[in-house]
Amino acid sequence: MFDFVRNHTRLALGFMLLLIIPSFVFFGIQGYSRFMEGGNADIAKVDGHPITRTEWEEAHRRELNQLQQRSRGVDVSQLDTPALRQQTLDALVRQQVLLAAANDLHLYPSVARMRRLFDGDPQFAGLRGPDGRISRELLAAQGMTPEMFDQRLRQDFGVQQVIAGLTQTVAPPAAAASAAFNAYLQRRVVQVQRYDPAAFRAGINPDDAALQAYYQAHQADFTVPDQARIDYAVLDLDALAKAAVVTDAELRKAYADSLAKYTVPEERRASHILIKADSSMSAADRAKAKAEAEKLLAEVRKNPADFAALARKYSQDPGSAAKGGDLDFIARGAMVKPFEDAVFKLGVGQISDIVKTEFGYHIIMVTAKRGGEVRPFEQVRGEVEAALRRSIAQRRWAAAAEQFTDTVYEQSDSLKPAIDKLQLAQQTATVQRQPAPGASGPLASTKLLDAVFSNDALRNKRNTDAIEVGPNQLVAAHVQQFTPAHVPPLAEIKDQVRARVVEAQAAAAARQAGLARLAALRAGDTAGLPDALTVARNQPQGLDKPLLDAVLGADPARLPSVMGIDLGAQGYAVLRVTQVLPPAPLPGGDAEFVKQYAQAWADAEAQAYIDALKQRYKVQILPAAKSVLEASTAPSP
């Protein structure tokens with residue numbers, strides 16, 4: 001226990017906060033408090049009350065921020081799709097419908113019930129301070145006051161109650177669960193004969209006429225989109241740090257000023273004996289525990305060599321007692337302060353007096369120490385220089401950013417003045433209107449690409465503005481050559497066209513071979529079929545979904561069943577289903593499957609209920625929402 005609390009207290013508190021308000025992270029404070037308020041432009045209505053575009057944008061921004069945090073380094077604008085905007089709107093509408101229903105049904109808990117819920121639920125324990133009240137500091141870190149938290153928690157409880165009766169009590173009919181179980185786990189015996197286009201490629205040699213015909217019929221497939229060859233320059237802290245000039249004297253001063261940074265942290269290895277005495281114990285019990293600790297201290301001082309044996313016998317810390325009280329090496333900040341102070345005052349082999357902490361009474365012995373040495377300058381010179389350059393870059397950033405922005409704008413016919421002035425690297429690239437697959441850094445920024453393909457950059461040959469593409473990172477570009485979308489002449493892409501024709505003809509040959517085999521099977525010729533497989537949804541035996549769906553969709557009353565499946569570019573497959581077998585017993589029984597089916601049933605019931613509530617509360621998606629979605633799909637000029 002002592003080890004766990006020492007290592008995980010802050011993590012536990014943060015996790016508890018996330019547990020109790022998951023829905024608010026998405027919708028935010030205003031998503032709840034503005035339900036009855038107006039806004040600047042209505043994009044939907046629920047029960048006559050508007051959802052404004054501002055609310056939609058704020059919710060969408062929060063969703064994008066969460067996605068960006070989960071996908072570090074990805075340009076958030078690439079995630080901003082019409083589908084995600086629609087998803088955000090759907091979630092807002094759903095939440096407002098549930099809020100309206102909770103209000104109509106009077107499902108918000110009373111103040112007294114809220115107090116019982118908060119005081120009685122152990123998941124809220126980490127939010128309570130020593131006085132039993134909610135911790136203002138922890139809430140302030142989340143941008144909330146206790147009043148906001150109370151309002152949001154009450155509304156969340158109310159919303160949960162709207163569909164709790166369905167999601168928590170649903171019991172699907174046994175016949176339906178049994179039918180689903182059998183349908184999902186039913187096994188079938190099948191013979192599969194595949195015709196892979198790869199087996200036919202060697203015999204295909206298209207002539208020039210075939211290449212010309214394919215090229216003419218598939219112009220769109222060979223269209224090269226708009227391209228621009230650009231010069232660009234990146235101003236960031238790395239560039240400023242690289243350009244910074246530092247002297248040996250400055251390096252030595254920086255080293256002297258930061259000796260603590262280059263000192264190996266001191267650690268002490270300690271063992272302890274804990275006699276528990278927390279705040280829940282009576283004064284008499286605490287006095288008894290202290291007396292027991294003092295008695296043990298006397299024994300330890302009498303014979304320090306018995307410390308480990310006494311710890312194993314008497315210590316009440318389950319994390320270390322079995323190890324003779326050993327806590328391994330301890331750095332500063334790892335333990336509660338009274339314990340840490342005692343450890344770092346003791347020399348090796350010394351034993352402390354009784355140390356009182358929130359866990360009880362400790363007897364501590366330091367058994368070893370390490371660290372505390374200062375690393376010599378020559379050993380850390382590279383680190384000192386990197387830190388000093390970084391510090392200089394941070395101090396220069398604001399002025400350099402302004403200088404870069406002004407120069408690329410005022411001397412817009414070239415990036416060279418800005419590059420020379422700030423000692424930046426000139427870089428080149430060929431880009432399209434959308435980031436290339438796998439692009440990273442500035443070239444993954446749609447803001448930069450939009451600027452590159454703007455009229456000002458293409459027609460007027462001006463630098464783009466300095467564009468922020470990341471924290472402390474500005475980029476400007478200059479278009480050297482623009483190539484509009486076009487179809488290259490056949491001569492330039494003849495090999496590419498030939499490869500496409502070969503693939504198409506090989507797939508056609510595989511299909512023809514498969515159809516011939518299908519006809520033979522239907523005529524009764526089963527010679528040469530591969531060995532049979534026994535397949536099921538949970539045991540596909542390597543069959544992909546189209547083949548598995550066909551096997552399990554065969555009419556069991558008409559076996560053997562023969563069918564052919566056109567797999568397009570992957571060729572053709574011939575199937576012969578011969579037998580239906582009952583489901584194989586699951587290793588752990590079918591309880592987990594039934595549980596999952598019940599959850600799916602409950603989700604379907606809840607969705608149907610929400611759909612009915614949408615009709616009841618007259619949900620309207622207004623034309624303004626459609627306009628926003630259409631604008632988000634419009635191509636860049």
Side-chain angles (χ1 to χ4, degrees), residues 6-7 10 72-73 137 141 232-270 328-348 350 366 368-411 415-427 440-442 466-476:
R6 177 186 67 186
N7 295 324
R10 293 182 180 177
R72 298 283 184 185
E137 291 77 12
Y232 68 100
V234 180
L235 176 71
D236 56 16
L237 293 180
D238 289 340
L240 290 178
K242 185 177 179 180
V245 177
V246 294
T247 65
D248 185 74
E250 289 171 329
L251 289 177
R252 292 184 180 277
K253 183 178 185 304
Y255 171 74
D257 291 343
S258 305
L259 279 181
K261 181 179 178 181
Y262 303 109
T263 301
V264 178
E266 183 180 354
E267 295 180 319
R268 302 286 179 94
R269 186 163 194 162
D328 209 336
F329 280 97
I330 300 166
R332 290 188 182 275
M335 309 294 286
V336 291
K337 194 169 189 315
F339 193 97
E340 177 189 298
D341 290 345
V343 167
F344 283 91
K345 284 179 182 177
L346 296 172
V348 175
Q350 290 185 331
V366 172
K369 69 175 183 178
R370 66 186 181 191
E373 306 88 9
V374 178
R375 298 162 66 195
F377 173 75
E378 293 304 330
Q379 185 184 98
V380 297
R381 184 185 184 102
E383 295 178 40
V384 176
E385 183 172 351
L388 182 57
R389 286 179 178 275
R390 190 78 176 175
S391 176
I392 293 171
Q394 289 171 337
R395 292 198 302 270
R396 288 191 58 199
W397 170 254
E402 182 178 2
Q403 192 175 33
F404 181 73
T405 300
D406 291 346
T407 304
V408 298
Y409 177 78
E410 293 167 358
Q411 302 183 53
L415 292 175
K416 193 173 186 307
I419 289 172
D420 291 345
K421 190 175 293 186
L422 293 161
Q423 301 180 48
L424 304 176
Q426 179 174 307
Q427 303 180 64
S440 60
I467 294 168
E468 185 176 13
V469 295
N472 295 328
Q473 188 176 55
L474 295 174
V475 180

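Scope of the values below: all heavy atoms of this structure, side chains included, with no hydrogens, waters or symmetry mates.
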Measuring only between side-chain heavy atoms, which start at C-beta, is [X] closer than 4.5 Å to [Y]?
| X | Y | result |
| --- | --- | --- |
| Tyr232 | Leu424 | no |
| Lys369 | Leu346 | no |
| Arg269 | Asp328 | yes |
| Leu388 | Glu250 | yes |

Between Thr405 and Ala401 (side chain of the first, backbone of the second, donor and acceptor by atom type, cut-off under 3.5 Å), is there such a pair? yes
Are the side chain of Glu340 and the backbone N or O of Gly333 linked by a donor-acceptor pair below 3.5 Å? yes
Spatial distance of atom [atom1] ([X]) from atom [atom2] ([Y]) [nearest 0.5 Å]:
| X | Y | atom1 | atom2 | result |
| --- | --- | --- | --- | --- |
| Arg389 | Asp238 | CZ | CG | 11.5 Å |
| Thr247 | Lys253 | OG1 | NZ | 11.0 Å |
| Arg332 | Lys337 | CZ | NZ | 8.5 Å |
| Arg390 | Leu237 | CZ | CG | 4.5 Å |

Indicate the atoms forming the closest heavy-atom contact of [X] with [Y], along with that distance.
| X | Y | value |
| --- | --- | --- |
| Ala241 | Ala393 | N-CB, 3.7 Å |
| Tyr255 | Tyr262 | CD1-CD1, 3.8 Å |
| Ala476 | Ala466 | CB-CA, 4.4 Å |
| Phe404 | Ala233 | CZ-O, 3.8 Å |
| Gln403 | Leu422 | OE1-CD2, 3.2 Å |
| Leu235 | Ala400 | CD2-O, 3.6 Å |

What residue pairs, at least two apart or across chains, pass salt bridge (Lys or Arg N to Asp or Glu O under 4.0 Å) with a residue in residues 258-268? Glu266-Arg268, Glu267-Arg370
Ion pair [X]/[Y], N-O distance below 4.0 Å:
| X | Y | answer |
| --- | --- | --- |
| Lys242 | Asp236 | no |
| Arg396 | Glu402 | no |
| Asp341 | Lys345 | no |

Looking at Phe344, I'd like to know if its CZ atom is crowded, meaning that more than 12 non-hydrogen atoms belonging to other residues, nucleotides or ligands lie closer than 6.0 Å. yes
With sequence neighbours excluded, tell me which residues meet side chain to side chain contact (heavy atoms under 4.5 Å, CB included) with Arg375. Val264, Gln379, Val380, Glu383
Decide side chain to side chain contact (heavy atoms under 4.5 Å, CB included) for Thr407 and Lys421; before the verdict, give the C-alpha distance in whole Å, the side-chain angles of both, and the deciding distance to 0.1 Å. CA-CA 9 Å; Thr407 304; Lys421 190 175 293 186; 3.6 Å; yes
